[in-house]
Amino acid sequence: MQPVELARKLVKEMDDHRSVSVSRVYVPNEYTVYLSPADREQFAGYEDQLREELSDYLTEHARRERYVLLTTPRVKLETDADLDVGEFGIATRLVRGPRPESDAPATQAAPGATMIYKAPEGAEPPPEQPFGPATASLTIDGQRHPLPDHSVVLGRSKDCDIRLADPNVSRRHAEVRPADPGYVIVDLDSTNGIEVDGKRVKELELTDGIRFNLGTTEVLFSEESS
């Protein structure tokens, strides 16, 4: 059982339980994950961090898809002795916040039907890449940041995936997104933008060895050969 499988299936449940209003698409904001006792035990040392990371993953997916969340997604882990090792269930629920939108769906009294999944057998991904193996990375001030298989936001804000201690960088400066193939980096309407070879660009296709600047910070993109 790997966190990457939980993340992917949570996103699937979000997509499958969309609620379309007049002008918005609402998605569940409460997710209960049921695990076998053995699988729950393996997360015991970092369960709080895992729930927070899964919540962030759902938030980012909702932002990319332009879904509306009534509150920050809440992920709960529960133990179900009827599940075998590698099996897990997910139940979703939409809960109205303290000041809900006027056209938001009503709070569900109870979670919907629990979907049961079987995690595929395979090698454990590296610990620094909890949501999928990465063959690409960004090097900033000598520190390497492996890129996962989902979008990564760079900026000064503590909420960014990669924080840059550069006063010339905006709070949410740019976003690295998976593309087909490879990755692209997109300016998020920052003050100083993305510069490559002295020219400011809105979007840049990332190729092995390319260097670009965010503010006064130089970033190197590199790809490992497969």
Side-chain angles (χ1 to χ4, degrees), residues 3-34 48-78 88-117 130-132 147-163 169-180 183-191 193-194 201-204:
V4 62
E5 292 303 322
L6 297 180
R8 289 170 179 165
K9 292 301 188 274
L10 283 168
V11 162
K12 181 180 184 301
E13 289 296 306
M14 174 179 279
D15 291 338
D16 289 348
H17 292 87
R18 293 171 292 181
S19 179
V20 181
S21 70
V22 176
S23 59
R24 297 182 177 92
V25 179
Y26 293 93
V27 288
N29 53 346
E30 184 175 285
Y31 298 79
T32 304
V33 180
Y34 297 93
D48 288 344
Q49 293 90 334
L50 175 61
R51 289 191 291 102
E52 182 177 351
E53 195 166 7
L54 291 171
S55 174
D56 291 344
Y57 191 76
L58 287 168
T59 300
E60 178 62 22
H61 179 73
R63 189 191 64 79
R64 288 199 306 268
E65 298 298 324
R66 300 183 184 276
Y67 295 153
V68 176
L69 287 160
L70 298 182
T71 64
T72 300
R74 182 186 180 196
V75 179
K76 300 188 294 183
L77 302 185
E78 301 287 349
F88 60 96
I90 299 176
T92 65
R93 185 168 174 247
L94 192 147
V95 181
R96 290 166 70 93
R99 301 175 66 180
E101 302 285 347
S102 59
D103 61 345
T107 295
Q108 292 173 254
T114 302
M115 297 299 297
I116 304 297
Y117 297 97
F131 292 150
L147 293 175
D149 60 356
H150 57 85
S151 297
V152 171
V153 177
L154 296 86
R156 287 189 295 109
S157 172
K158 66 178 182 179
D159 296 325
C160 290
D161 301 291
I162 300 176
R163 294 185 66 186
V169 169
S170 297
R171 289 179 58 79
R172 291 175 60 86
H173 196 104
E175 183 176 55
V176 175
R177 301 171 181 171
D180 188 16
Y183 292 84
V184 297
I185 184 167
V186 179
D187 180 33
L188 298 179
D189 297 323
S190 65
T191 301
I194 302 167
V201 296
K202 178 67 177 177
E203 183 173 321
L204 176 66

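Here the CG-CZ distance, from L10 to F88, works out to 7.5 Å after rounding to the nearest 0.5 Å. Taken to the nearest 0.5 Å, the OG atom of S151 stands 6.0 Å off from the CZ atom of R177. With rounding to the nearest 0.5 angstrom, the CZ atom of R74 is 14.0 Å from the CD atom of E52. Going from atom CG of L54 over to atom CG of L77 covers 7.5 Å, rounded to the nearest 0.5 Å. Rounded to the nearest 0.5 Å, atoms NE2 (H150) and CZ (R64) are 8.0 Å apart.
Contact record, V153 with D161: N-OD2, 2.8 Å, taken as the closest heavy-atom pair. Listed here is the closest heavy atom pair of P148 and Y183: O-OH, 2.9 Å. Pairing each heavy atom of V184 with each of A179, the nearest pair is CG1-CB, 4.1 Å. When all heavy atoms of L58 and V11 are compared, the pair lying nearest together is CD2-N, 4.0 Å. Contact record, L154 with C160: C-SG, 3.9 Å, taken as the closest heavy-atom pair. The heavy-atom pair separating M14 from P28 by the smallest distance is O-CD, 4.2 Å.
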### Task
Mind running side chain to side chain contact (heavy atoms under 4.5 Å, CB included) on V95 and L70 for me, showing each step along the way?
CA-CA 7 Å; V95 181; L70 298 182; over 6 Å; no
### Query
Would R24 and Y67 count as a side chain to side chain contact (heavy atoms under 4.5 Å, CB included) if you check the C-alpha gap in whole Å, the side-chain angles of each, and the deciding distance to 0.1 Å?
CA-CA 7 Å; R24 297 182 177 92; Y67 295 153; over 6 Å; no
### Task
Show your reasoning for whether side chain to side chain contact (heavy atoms under 4.5 Å, CB included) applies to L94 and E30.
CA-CA 6 Å; L94 192 147; E30 184 175 285; over 6 Å; no
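S55 contributes a side-chain N or O that, together with a main-chain N or O of P73, makes up a donor-acceptor pair within less than 3.5 Å. Between the side chain of N29 and the main chain of T72, no donor-acceptor pair closer than 3.5 Å is present. Under a 3.5 Å cut-off, the side chain of H173 and the backbone N or O of S170 do form a donor-acceptor pair. The main-chain N or O of V169 is found under 3.5 Å from a side-chain atom of R156 such that the two form a donor-acceptor pair. With hydrogens and angles ignored, the 3.5 Å screen pairs a side-chain donor or acceptor of H17 with a backbone N or O of E13.
For the pair T32/I90, no side-chain contact is recorded, criterion being any heavy-atom separation below 4.5 Å from C-beta on. Looking at S190 and D187, their side chains come closer than 4.5 Å, going by heavy atoms from C-beta outward. Side-chain contact between I194 and I185 is present, with heavy atoms from C-beta onward closer than 4.5 Å. Contact annotation: the side chain of R66 never approaches that of V25 to less than 4.5 Å [non-hydrogen atoms, C-beta and beyond].
Taking a cutoff of 4.0 Å between a charged side-chain nitrogen and a carboxylate oxygen, D15 and K12 do not qualify as a salt bridge. Ion pairing between K9 and D16 fails under the 4.0 Å rule for side-chain N and carboxylate O.
K76 pairs by the side chain to side chain donor-acceptor pair (under 3.5 Å) definition with nothing, not counting sequence neighbours. Every residue meeting the side chain to side chain donor-acceptor pair (under 3.5 Å) condition with E60, not counting sequence neighbours, appears here in chain and number order: R63.
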